[in-house]
Amino acid sequence: MSTITTYSLAARIIHWAMALLLISLLLAGLAMVQSLEPWHLTLLSLHKSFGVMALLLAIIRLALRLSQQQPDLPASVPHWQQRIAQLSHFFLYAAMFAMPLSGYLMQSAAGRPVSVFGWFTLPNITPISMELYGFLREMHALIAWGLILLVLVHIGAALHHGLIKRDGVLESMTGLNFSKEQKPKD
Amino acid sequence: MAQQSSSLALRYGIIAVAVGGLALLFYGVANGLGQGRVTAQQFVDFQEGGNPHLGFRRAHAKGFCLAGEFVANGELSAYSSATIFQPGATPFVGRISIGGGNPTAPDLASGVRSLALSIGDKANLRWQTAMNTPPVMPVRTGQAFFEQMNAFRPDPETGRPNPERVAAFLAAHPETQAAREWQASYTATESYATETYNSINAFYLVNGRQRQAVRWAAVPQAESHGRGFEGDRDDPNALQNEFMARLDVAPVVYDLVFTLATDADDENDPTVRWPADRQQIVAGQIVIHSATDQSEGLCNGINFDPLVLPPGMAATNDQILQARSSVYAESYRRRAREHFYQQGME
Ligand code: HEM
Ligand code: HEM
């Protein structure tokens with residue numbers, strides 16, 4: 001049983017920063033692979049650099065998650081919904097790692113260096129192989145669509161808690177507790 | 001009560017708009033929202049013509065792999081800090097190919113011959129270039145290139161391009177003139193070893209703050225006898241076999257010649273030839289030692305993306321150059337997927 005109702009400030013900051021980052025990376029990825037314009041290359045190198053940032057943030061986030069207490073879902077949430085929430089959070093974490101890792105590894109398999117904002121270059125850690133690139137390139141796209149689906153469900157559920165049930169779940173991540181005095185509806 | 005249920009409806013509405021809106025945004029962007037009229041996928045679809053040769057490049061499908069070294073003489077090191085241009089030899093993997101998406105097309109049937117190089121084995125210092133026999137592009141945007149491909153598409157009835165469509169395209173694109181003049185003056189040589197291969201697009205050589213726009217060409221050291229190919233013209237691999245036979249005797253060598261732009265030249269326009277009096281610098285020699293079938297050679301797994309450049313070189317904003325990079329990536333994605341599923345290319 002958790003004694004807190006709100007995520008730590010660190011957890012909230014990293015949650016919203018990554019939300020913004022991941023949605024931007026998804027949109028940038030989808031747009032840049034089609035574009036013939038000169039901005040395509042700029043976007044691609046930003047995508048890779050921010051993608052690596054997303055991996056670093058995911059590591060920090062997992063460490064926070066494992067080391068800090070989490071608020072529980074309110075008892076009003078039925079057991080099966082609690083299970084689904086847990087499962088969806090597990091997959092969100094999995095995607096937060098699988099997304100940048102597949103990106104990095106596919107570049108490595110293609111023999112392409114991954115330069116992070118020109119500060120440093122990640123080493124190539126896989127054999128150079130077109131088959132491996134083919135696999136990872138498809139995974140990168142597949143996991144992206146999985147992540148998009150998860151994000152949509154996640155946002156829908158969060159808003160449902162915040163606007164319909166008004167049970168404090170949304171506020172546990174926004175930290176804005178103005179619904180406190182409004183008694184939960186049921 | 002009524003007020004409460006209407007505000008509940010409003011709140012459900014907000015959720016629907018937020019989630020639905022974001023879903024629509026993802027869907028739209030994935031399907032070309034915000035893109036120009038042609039995407040990389042449409043290009044490659046067109047090149048496949050509904051009948052992809054699985055596992056092969058969607059353009060320049062017919063070709064073979066090369067191994068050799070670029071021997072720099074150091075002449076370019078004042079202009080570029082790239083280590084490749086310091087005096088010394090850097091190994092490369094290369095590929096000679098002909099234009100077109102058919103991997104079994106006869107060598108002598110194609111109007112375009114090509115030399116692609118991936119120089120250097122350190123990933124972050126590598127230089128890739130894909131060069132063709134013409135010195136200029138007919139058009140200067142991906143969009144116009146796509147229109148050109150459509151205009152010259154063989155008519156299903158006659159098997160030849162429709163003359164009216166071609167005429168309409170050319171009338172609308174006067175920038176094709178230099179390419180057409182070159183085409184009219186060009187006769188294919190008897191060997192891949194005696195062709196000149198051009199970067200067409202311009203790039204920058206970079207040294208500190210100094211930036212110089214250049215084009216380059218691989219200029220053969222072997223002289224052409226000027227009578228065209230004289231061997232068995234029915235052999236679909238005529239030129240490939242001729243090239244390999246040459247290599248049995250001696251390496252095939254090209255000078256890598258850089259042409260420096262002046263302020264009068266627009267480096268972003270690949271349709272205009274630069275005047276003949278522009279300064280030229282021989283940066284070194286491309287020495288080809290061996291060649292192998294593409295199914296066995298190292299070149300097959302390489303996407304010769306012309307925007308893989310080492311520190312000391314940079315891309316111009318030439319729209320054709322930029323378009324090439326994304327179209328090559330899409331072609332590479334498709335054939336890599338097919339290799340993963342072990343489809344095609346036995
Ligand atoms: C959370 C992090 C990331 C997300 C959400 C993400 C998302 C995406 C998406 C949606 C696409 C388009 C896929 C398609 O439509 O087929 C894409 C493409 C791409 N991503 Fe990522 N990505 C991430 C991290 C990375 C990283 C770390 C790298 C490399 C270091 C990377 C490299 C690429 C490349 C090179 C492409 C284009 C491949 C091509 O040209 O065919 N991504 N990404
Ligand atoms: C908008 C114009 C162009 C488009 C859409 C286009 C498209 C393509 C595609 C899809 C490939 C196959 C890439 C792969 O799967 O690895 C390719 C290969 C190639 N392209 Fe282009 N190309 C264009 C212009 C040019 C120009 C201007 C040149 C020469 C300066 C050029 C030279 C080559 C060469 C040499 C290859 C073969 C590389 C190899 O051997 O793998 N292309 N092109």
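Residue numbers begin at 1 in each chain, while the letters A, B, ... track the order of the sequences. Quick note: numbers below take in every heavy atom, side chains included, and nothing from hydrogens, waters or symmetry partners. The structure displayed is predicted, hence computed values, not measured ones.
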If I compare all heavy atoms of B:Val38 with all of A:Leu36, which pair ends up nearest, and what's the gap? O-CD1, 3.5 Å
So which heavy atom on B:Tyr332 is nearest to which on A:Met130, and how close? CE1-SD, 3.9 Å
With a 4.5 angstrom heavy-atom cut-off, could you sort out which part of B:Asp318 is near chain A: side chain, backbone, both or neither? neither
Using non-hydrogen atoms and a 4.5 Å limit, figure out which bit of A:Ala158 sits close to chain B: side chain, backbone, both or neither. neither
What part of B:Tyr341 gets closer than 4.5 Å to chain A, counting heavy atoms only: side chain, backbone, both or neither? neither
Would you mind checking which part of B:Ile15 comes under 4.5 Å of any heavy atom in chain A, side chain (CB onward), backbone (N, CA, C, O), both or neither? both
Side chain B:Ser326, main chain A:Ser35, donor-acceptor under 3.5 Å: yes
Quick check: closest heavy atoms across B:Ala18 and A:Leu159, and the distance to 0.1 Å? CB-CD1, 3.7 Å
Heavy-atom distance under 4.5 Å to chain A: side chain of B:Val308, backbone, both or neither? side chain
For B:Tyr12 and A:His160, work out which heavy atoms get closest and say how close. OH-NE2, 3.7 Å
Answer yes or no: is there a donor N or O on one side and an acceptor on the other, between the side chain of B:Arg337 and the main chain of A:Gly134, under 3.5 Å? no
Hey, is the main chain of A:Glu37 close enough, under 3.5 Å, to the side chain of B:Gln322 for a donor-acceptor pair? no
Can you say whether B:Arg334 sits under 4.5 Å from chain A via the side chain, the backbone, both, or neither, judging by heavy atoms? neither
Residue B:Gln35 versus chain A: region with a heavy atom under 4.5 Å: side chain
